[in-house]
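Contents: one structure, followed by commentary.
Just so it is clear, the values below take in all heavy atoms, side chains as well, and ignore hydrogens, waters and symmetry mates.
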Amino acid sequence: MEIRVMTFNIHHGKGMDKQANLYRIAEVIDRCHADIVGLNEVDNHFSNRSHFEDQAAWLANQLKLEYAFSPSISIQSQHVTEVRQYGNALLSRFPITCKKYHSLNTLYGGLEGRSLLDATIQVHTQSFQINVTHLSLNPFLHRKQTDFIISHLDKKSEPIILMGDWNMKPCSKGWRKVTNKFQDVWHIGGKCPGYTYPSLHPRSRLDYIFTSRDFKVTEAKVVTNIPNASDHLPVTATLHYKS
């Protein structure tokens with residue numbers, strides 16, 4: 001069974017030209033033919049910067065995919081009917097049979113908005129655990145968040161795909177902690193440094209796809225030539241589930 005996966009920090013749809021345009025994001029995703037897409041920095045009625053759009057729902061409708069959303073920040077405003085939210089999202093060509101989220105803010109007293117999207121998808125008769133997150137730049141908070149995610153996923157029996165903007169360097173202490181449990185698809189299938197940020201002249205690898213060892217990684221790519229879509233470049237991977 002072959003599954004094509006993408007992770008993409010969309011910067012609430014704002015490209016390096018400072019314009020917010022979800023059509024560009026949708027075009028990139030569509031062009032890559034991804035079955036499962038993890039998104040970071042997604043607005044849900046958040047502010048005028050994204051025209052108060054429910055971005056996950058808009059993209060899902062545009063691409064004819066199912067979706068889930070996990071708020072990392074939620075603000076109740078007296079002047080707006082909907083709760084203003086910002087966080088992570090999942091788009092899926094396959095049915096999403098369970099979707100929930102875990103706030104990572106309680107790990108450190110709510111100093112910043114971070115969350116883990118926790119979903120299950122069904123492909124034929126097989127369930128897969130899909131998680132999307134965006135971790136802190138702060139080393140102490142990053143360590144706490146990483147520990148929580150690994151502990152949480154230790155309890156799962158399904159094959160796992162874990163992706164997002166991890167704000168860490170390859171071969172760092174945090175990376176080694178994650179790869180003790182999971183495969184870094186780029187480490188297996190990538191052929192260049194895999195830099196994803198900033199999109200115009202990338203010099204850092206911040207965006208990762210990790211999987212349990214149930215999968216064989218056949219290819220990993222950074223999607224280039226899209227500098228105006230976001231400030232990050234997306235990463236794609238082709239996975240074969242070894243059932």
Side-chain angles (χ1 to χ4, degrees), residues 5-32 34 36-63 65 67-75 82-91 101 104-105 112-117 131-138 141-142 145 162-169 186 193-209 221-237:
V5 182
M6 169 188 275
T7 186
F8 193 8
N9 182 325
I10 68 168
H11 193 44
H12 59 268
K14 186 172 77 172
M16 298 301 281
D17 59 358
K18 308 300 182 184
Q19 301 301 309
N21 185 340
L22 282 184
Y23 285 100
R24 293 190 297 204
I25 301 296
E27 182 182 358
V28 171
I29 295 170
D30 187 52
R31 196 170 70 202
C32 292
I36 302 168
V37 184
L39 302 175
N40 305 122
E41 298 193 12
V42 182
D43 282 359
N44 178 16
H45 308 297
F46 190 72
S47 74
N48 192 52
R49 72 182 186 183
S50 50
H51 313 296
F52 292 95
E53 185 68 69
D54 181 343
Q55 294 188 317
W58 189 96
L59 288 166
N61 182 67
Q62 183 75 10
L63 296 164
L65 302 173
Y67 80 98
F69 177 76
S70 79
S72 301
I73 297 172
S74 293
I75 303 170
E82 299 89 354
V83 177
R84 297 165 51 205
Q85 295 179 317
Y86 164 88
N88 307 301
L90 170 68
L91 304 176
Y101 77 95
L104 302 181
N105 302 336
E112 62 178 1
R114 304 288 176 179
S115 69
L116 174 71
L117 193 158
N131 292 88
V132 184
T133 195
H134 183 186
L135 298 193
S136 177
L137 284 162
N138 180 285
L141 304 182
H142 194 286
Q145 293 160 2
L162 170 63
M163 53 188 161
D165 180 348
W166 282 69
N167 277 320
M168 67 182 178
K169 295 179 179 179
W186 194 266
Y195 296 156
T196 59
Y197 180 84
S199 57
L200 281 178
H201 302 288
R203 54 185 178 272
S204 298
R205 181 155 86 96
L206 303 181
D207 303 275
Y208 294 81
I209 300 171
K221 289 184 177 180
V222 174
V223 183
T224 56
N225 302 320
I226 57 158
N228 279 334
S230 173
D231 61 344
H232 284 241
L233 297 174
V235 178
T236 64

### Query
Hey, which of Asn40, Asp165, Asn167, Thr196 is the one that makes side chain to side chain donor-acceptor pair (under 3.5 Å) with Asn9?
Asp165
Would you say the side-chain atoms of [X] pair up with the backbone N or O of [Y], donor to acceptor, closer than 3.5 Å?
X      : Y      : answer
Thr7   : Val235 : no
Ser204 : Leu206 : no
Tyr208 : Met168 : yes
His45  : Phe52  : yes
Thr133 : Ser115 : yes
Gln55  : Leu22  : no

### Query
Does NZ or CZ of Arg84 lie under 6.0 Å from the centre of the six-membered ring of Phe46, at an angle within 45° of the ring axis?
yes
[X] and [Y]: which non-hydrogen atoms are nearest, and at how many Å?
X      : Y      : result
Met163 : Ile36  : CE-CG2, 3.7 Å
Phe69  : Tyr86  : CZ-C, 4.0 Å
Pro202 : Tyr195 : O-CD1, 3.5 Å
Ala56  : Val42  : N-CG1, 3.9 Å
Ser72  : Asn88  : OG-ND2, 3.9 Å
Gly113 : Asn105 : CA-OD1, 3.3 Å

Looking at [atom1] of [X] and [atom2] of [Y], how far apart are the two atoms once the value is rounded to the nearest 0.5 Å?
X      : Y      : atom1 : atom2 : result
Gln62  : Ile29  : CD    : CD1   : 10.5 Å
Arg114 : Gln145 : CZ    : CD    : 6.5 Å
Leu141 : Leu104 : CG    : CG    : 10.0 Å
Asp30  : Ile25  : CG    : CD1   : 13.0 Å
Ser50  : His12  : OG    : NE2   : 6.5 Å
Asp231 : Tyr197 : CG    : OH    : 5.0 Å

A side-chain contact here means heavy atoms from C-beta on lying under 4.5 Å apart; do [X] and [Y] qualify?
X      : Y      : value
Leu59  : Val37  : no
Tyr67  : Asp54  : yes
Ile226 : Pro234 : yes

### Enclosure of Arg203 CZ (heavy-atom neighbours >12, cutoff 6.0 Å)
no
### Query
With no hydrogens and no angle check, do the side chains of His232 and Asp207 hold a donor and an acceptor under 3.5 Å apart?
yes
